[in-house]
Amino acid sequence: MKSCDEMVKNLFERRDDYAKKQKSRKKILTRAVTSVAALCLVLAVSIGVLQGNIFKDSVKEPENDIKNEQVTSNTPSEESGDGREEKNENLLPSTADVIGLVVVDGVTYIQDTFADPDSYVIDRFIGNVDEYEGSYNPSVETKEKLPEVIDNIINITGELYTVKDDSDVLIAKFSNGGTIILRKE
Amino acid sequence: MENGQVYYKRFLDGDEEALTDIVGEYKDGLILYLNTYVKNIFLAEELAEETFFRLITKKPKFHGKSRFKSFLYAIGRNVAVDYIRHNKNNFAEPACENTYNEEDGILDNYIKSERNALLIKSMRELSVDYQTVLWLVFFEGFSNKEASIAMKKNDRQIKNLLFRAKRSLKAKLEKEGFSYEEL
């Protein structure tokens with residue numbers, strides 16, 4: 001059996017060892033926590049950067065599409081070579097890039113982006129575009145259907161004409177110089 | 001203020017000599033108390049050392065609501081119970097002669113009265129709880145309340161346990177032709 005002094009001596013030795021172990025444990029733990037925190041930070045930053053890029057890409061993509069559409073819709077007038085090219089360049093992106101829609105006598109006419117306005121002969125003036133229900137004078141229903149379109153072109157003024165030899169087509173000439181073909185739905 | 005409480009306060013204030021006083025005052029009693037759980041005086045000594053080790057490393061708060069002895073013995077009980085739980089498979093109750101000889105040596109130092117020492121020796125055949133409660137109440141002078149703190153039982157349980165332990169010990173002593181007036 002141990003004497004009292006032996007036991008006390010032993011206890012102090014054990015306590016010193018314990019204190020050392022605790023210190024080294026703390027050090028290891030601090031290091032581990034620091035490195036894990038740094039790793040998490042790096043991960044968070046890289047995820048943030050990646051997500052930012054993805055977001056940018058997703059925003060850019062529609063812009064490219066719109067540009068392509070513009071090129072497509074402009075091509076006929078470029079081919080015609082009658083100086084309309086300049087006028088098309090002056091078109092506001094908001095009017096040139098979106099699909100127009102007009103309702104005349106209950107019949108819906110939608111913009112035909114592929115049609116060449118020069119291939120049609122204007123017949124008669126039937127009124128301003130904003131007099132008819134549609135994207136230039138939207139009803140509540142239209143507003144619900146095409147809210148993003150309405151936002152872009154609501155304030156545009158223009159004249160609406162019928163064409164010769166095709167009762168399914170209307171031509172709209174806008175105050176900013178743009179001309180579009182609207183075809184019966 | 002009780003000695004143990006003074007020593008422990010001194011130790012917490014940074015006086016390392018106070019640990020010598022605590023160990024000197026409570027070592028033997030604690031070993032004998034823990035021996036009732038593990039029934040191996042060497043192991044009980046190790047557990048008593050572990051108890052003091054916990055006291056100086058964890059530095060548990062002592063509010064002075066009970067005696068320092070019952071506070072220390074409660075820690076000792078936790079240590080013993082932890083040991084038994086962790087060594088469930090390996091734990092066996094050794095009853096070799098050497099163990100009893102060492103135990104008798106400590107008993108002789110700790111219990112001055114030969115009559116009491118004989119009584120303790122005859123307690124060895126009782127169950128752990130009976131031995132523990134008899135040890136605390138008769139030899140450590142614990143009240144039922146203090147014994148309940150040390151053994152983590154309520155007053156009612158201690159009262160019943162003590163009654164049954166006394167009856168059991170009395171029967172054993174009578175069988176051996178020995179009588180003890182306090183039982």
Side-chain angles (χ1 to χ4, degrees), chain A residues 1-66 144 147-148 151, chain B residues 3-4 7-8 10-12 14-35 38 40-60 72 75-76 79 96-110:
Chain A
M1 301 294 283
K2 285 177 196 169
S3 70
C4 177
D5 290 335
E6 280 173 340
M7 191 179 270
V8 171
K9 197 182 162 189
N10 200 17
L11 279 169
F12 281 133
E13 281 172 8
R14 281 181 66 191
R15 188 190 60 178
D16 294 342
D17 288 344
Y18 177 78
K20 274 182 193 171
K21 271 186 188 174
Q22 287 293 99
K23 265 191 181 178
S24 63
R25 255 188 213 174
K26 263 189 186 175
K27 268 187 184 176
I28 291 167
L29 196 70
T30 313
R31 278 181 201 165
V33 167
T34 312
S35 48
V36 167
L39 193 70
C40 287
L41 191 69
V42 169
L43 274 174
V45 168
S46 30
I47 287 169
V49 168
L50 277 174
Q51 279 188 338
N53 283 343
I54 290 164
F55 181 69
K56 275 180 188 172
D57 290 345
S58 64
V59 170
K60 277 176 186 172
E61 275 172 20
E63 284 178 6
N64 292 337
D65 291 345
I66 288 165
E144 282 173 5
E148 68 284 353
D151 286 344
Chain B
N3 279 350
Y7 298 150
Y8 188 50
R10 266 174 51 207
F11 176 75
L12 292 179
D15 180 7
E16 300 210 324
E17 284 298 311
L19 183 65
T20 314
D21 296 330
I22 294 173
V23 172
E25 179 122 1
Y26 297 108
K27 182 175 87 89
D28 288 346
L30 185 62
I31 292 172
L32 290 169
Y33 169 66
L34 294 174
N35 190 43
V38 292
N40 179 333
I41 199 73
F42 300 110
L43 183 56
E45 190 190 17
E46 278 179 33
L47 295 179
E49 192 178 312
E50 184 61 32
T51 307
F52 290 121
F53 181 68
R54 275 201 197 177
L55 191 73
I56 63 172
T57 51
K58 309 277 181 199
K59 294 178 181 170
L72 185 68
I75 300 171
V79 170
C96 60
E97 281 303 312
N98 286 343
T99 306
Y100 283 143
N101 289 341
E102 287 289 344
E103 189 181 336
D104 291 347
I106 299 175
L107 271 177
D108 291 341
N109 288 336
Y110 196 67

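In what follows, chains are A, B, ... by sequence order, proteins preceding strands, each numbered from 1. Keep in mind that what you see is a predicted model, and the values were worked out from it rather than measured.
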How close do [X] and [Y] get, heavy atom to heavy atom, and via which atoms?
X	Y	answer
A:Tyr18	B:Lys58	OH-NZ, 3.7 Å
B:Glu16	A:Phe12	O-CZ, 3.5 Å
A:Leu11	B:Val23	CD1-CG2, 4.0 Å

Could you state the interatomic distance from CG (B:Leu19) to CE (A:Met7), rounded to the nearest 0.5 Å? 10.0 Å

Straight-line distance of B:Glu25 CD to A:Cys4 SG, nearest 0.5 Å: 10.5 Å

Has B:Glu17 got more than 12 heavy atoms of other residues, nucleotides or ligands less than 6.0 Å from its CD? no

Is it the side chain or the backbone of A:Lys2 that comes within 4.5 Å of chain B heavy atoms, both, or neither? both

Enumerate by number any residue of residues 26-46 of chain A whose heavy atoms lie under 4.5 Å from heavy atoms of chain B; in the absence of such residues, state 'none'. none

Among B:Glu50, B:Lys27, B:Glu49, residue most engaged with chain A (heavy-atom pairs, under 4.5 Å): B:Glu49

